[in-house]
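I have placed the structure first, in the form of structure tokens, so that the comments after it can refer back to it.
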2 protein chains.
Amino acid sequence: MTRSERGRIRVAVSTVILTMRRDRGATPRVALPLVRRTRDPFRGDWALPGGWLDEQESLEEAAARTLAETTGLAPSYLEQLYAFGAVRRSPSRVVSVVYWALLRADEVDAQSAAFEASGTAPDNVAWNDAESLPTLAFDHNRIVEYALWRLRNKAGYSRVAQGFLPPAFTLADLREAYETILGRRLDPANFRRQVEAAGNLIPTDEFRTGSHRPARLYRHNTDVALADRGPLSPEETRTP
Amino acid sequence: MTRSERGRIRVAVSTVILTMRRDRGATPRVALPLVRRTRDPFRGDWALPGGWLDEQESLEEAAARTLAETTGLAPSYLEQLYAFGAVRRSPSRVVSVVYWALLRADEVDAQSAAFEASGTAPDNVAWNDAESLPTLAFDHNRIVEYALWRLRNKAGYSRVAQGFLPPAFTLADLREAYETILGRRLDPANFRRQVEAAGNLIPTDEFRTGSHRPARLYRHNTDVALADRGPLSPEETRTP
DNA sequence: ACAAAAGTGTTCGGCTTACACCCATGA
DNA sequence: TCATGGGTGTAAGCCGAACACTTTTGT
């Protein structure tokens with residue numbers, strides 16, 4: 001007890017928000033928002049959105065709040081990534097609890113536009129290709145690397161990729177999301193059978209037309225969680 | 001920044017140490033060490049070993065240090081489990097970063113004996129059956145529940161169960177470890193082929209005799225990590 | 001008509017499961 | 001010699017990968 005009373009250790013939260021963006025018609029890529037730091041240390045460098053943990057909020061609430069304050073974004077769920085606490089990861093002693101989430105491109109656009117219109121938006125937020133980042137402040141490059149590893153890992157055994165998609169989507173959309181995450185092509189025929197067998201999708205009666213044969217639209221089955229998070233307390237995970 | 005300057009948030013670390021114990025010849029069970037609290041809050045209740053994070057040590061170093069101070073144990077590796085930070089999980093505001101590890105029963109005995117002999121051992125440490133714990137201090141019941149979920153999960157796709165076993169062991173030993181973790185019986189024949197195919201075991205020329213046909217002893221293949229932890233920084237994970 | 005994407009069928013090989021069977025030892 | 005666990009063989013079934021094939025649209 002006494003040791004910690006003497007020391008000065010602060011708790012920060014950061015978020016890695018991943019989305020899928022299509023630049024000039026090319027194949028989509030994973031992108032994430034970065035914030036330019038306006039104070040030392042690392043003033044002027046890019047960093048993950050985040051801030052200090054307030055005494056009256058949970059870790060996840062702090063992650064959601066600081067993310068909204070800096071970027072205007074509000075993901076539908078946040079998952080804890082890791083707690084980083086090396087002694088020299090910052091000039092002062094900071095333990096950073098990092099959260100991550102997937103965000104749909106259409107939500108990003110809507111939320112960003114609303115944030116801009118509100119007049120409170122700082123002009124120091126930029127979306128970056130996750131695979132070609134500049135050198136970030138603190139250990140944030142490593143944190144992003146770890147988040148991408150987790151994403152690819154999780155794509156293998158859960159349905160996380162649906163987090164990139166709007167409520168209604170075609171199987172080609174979903175397959176493209178997986179291909180973007182995993183970095184390789186998937187067989188359309190086998191992909192169809194696999195997701196159909198998994199039972200996570202609800203077919204609708206609508207079709208998307210416009211090019212070639214119309215494709216059936218599907219919706220998420222909200223009864224099935226995006227990813228099994230185990231017996232964590234609701235108090236620990238819920239964002240109010 | 002200002003919010004956190006005002007507030008008083010302390011960082012603690014706790015550890016869930018799991019081992020496999022065989023009571024009175026019965027089937028082995030998962031057990032973990034608990035410490036009886038000597039001060040408020042929850043004075044007199046059982047809690048996970050842990051303590052405050054010191055300003056000059058990393059999270060993992062703090063976990064190893066506080067574990068050694070309270071129980072005398074020194075696992076060969078520690079893995080971060082989760083950061084718990086609900087506002088009311090403690091009367092004062094505490095963020096607990098929890099680590100977990102598997103420990104071999106023979107190491108537990110040896111380290112505990114050495115700790116006792118050193119004269120510095122407090123007599124308030126007890127080993128508990130993980131499936132039938134009393135009500136613990138803080139949210140520690142939930143933390144243990146989550147650790148057990150992670151263990152069972154991980155046993156499915158990695159070789160964690162070897163963490164329960166001494167350097168040399170029979171396939172029956174290894175199978176028993178998996179059966180204890182997973183709570184179900186495994187086919188000896190198929191189990192043998194699976195672990196042989198995985199290439200994580202090195203057969204020795206020794207056999208364990210004493211009952212029926214002698215069984216070949218195996219050793220861990222230390223070239224293969226117990227569990228893939230992704231691209232986490234060595235600074236973040238290493239215990240010096 | 002033709003290109004291209006949606007969607008279906010089929011085969012193959014690897015892996016898991018179930019279980020029969022042989023082997024080697026202690027008592 | 002017999003009970004018991006160690007260890008091998010083998011066939012059925014499931015699932016993913018590969019790919020041929022049919023269907024339906026836009027041009």
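Reminder, nothing fancy here: chain letters follow the sequence lines and each chain counts from 1. A quick note: this is a predicted structure, and the numbers were derived from the prediction, not measured.
- Salt bridge B/E176/B/R185: absent, no basic N to carboxylate O contact under 4.0 Å.
- By the side-chain contact (heavy atoms from CB on, under 4.5 Å) test, B/D187 is found to be paired with B/A189, B/N190, residues two or more places apart in sequence or in another chain being considered.
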Taking N or O atoms only and anything under 3.5 Å, show me the protein contacts with nucleotides 14-20 of chain C, one pair per line.
| residue | atom | partner | partner atom | Å |
| --- | --- | --- | --- | --- |
| C/dA18 | N7 | B/N190 | ND2 | 2.8 |
| C/dA18 | N6 | B/N190 | OD1 | 3.1 |
| C/dA18 | N6 | B/R193 | NH2 | 3.2 |

Protein proximity profile, nucleotides 22-27 of chain C - base contact B, sugar-phosphate-only contact S, no contact -, cut-off 4.0 Å on heavy atoms
-BBBS-
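- Here A/E145 pairs with nothing under the side-chain hydrogen bond (donor to acceptor under 3.5 Å, both in side chains) rule; sequence neighbours left out.
- Sequence neighbours left out, the pairs with a member in residues 158-187 of chain B that pass ring-ring contact (aromatic ring centres under 6.0 Å, His included) are B/F169-B/H220, B/Y178-B/F191.
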Please tabulate, for the side chains in residues 126-135 of chain B, all donor-acceptor contacts under 3.5 angstrom to protein atoms that are two or more places apart in sequence or on a different chain.
| residue | atom | partner | partner atom | Å |
| --- | --- | --- | --- | --- |
| B/D129 | OD1 | B/E131 | N | 2.9 |
| B/D129 | OD2 | B/R29 | NE | 2.5 |

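- Considering only residues two or more places apart in sequence or on other chains, A/D106 meets the salt bridge (Lys or Arg N to Asp or Glu O under 4.0 Å) condition with A/R104.
- On the nucleic acid side, DNA chain D has its first and last nucleotide under 4.0 Å of a heavy atom of chain B at D/dT4 to D/dT10, going 5' to 3'.
- Residues meeting the salt bridge (Lys or Arg N to Asp or Glu O under 4.0 Å) test with A/R21, sequence neighbours left out: A/D23.
- Residues meeting the side-chain hydrogen bond (donor to acceptor under 3.5 Å, both in side chains) test with A/Y218, sequence neighbours left out: none.
- Across its full length, the helix from C/dA1-D/dT27 to C/dA27-D/dT1 shows an angle of 10° between the axes of its 5 terminal pairs at either end, rounded to 10 degrees.
- Across all strands, B/R175 comes closer than 4.0 Å only to sugar-phosphate atoms, never to a base (heavy-atom distances).
- Applying the salt bridge (Lys or Arg N to Asp or Glu O under 4.0 Å) criterion to B/R36, with sequence neighbours excluded, gives no partner residue.
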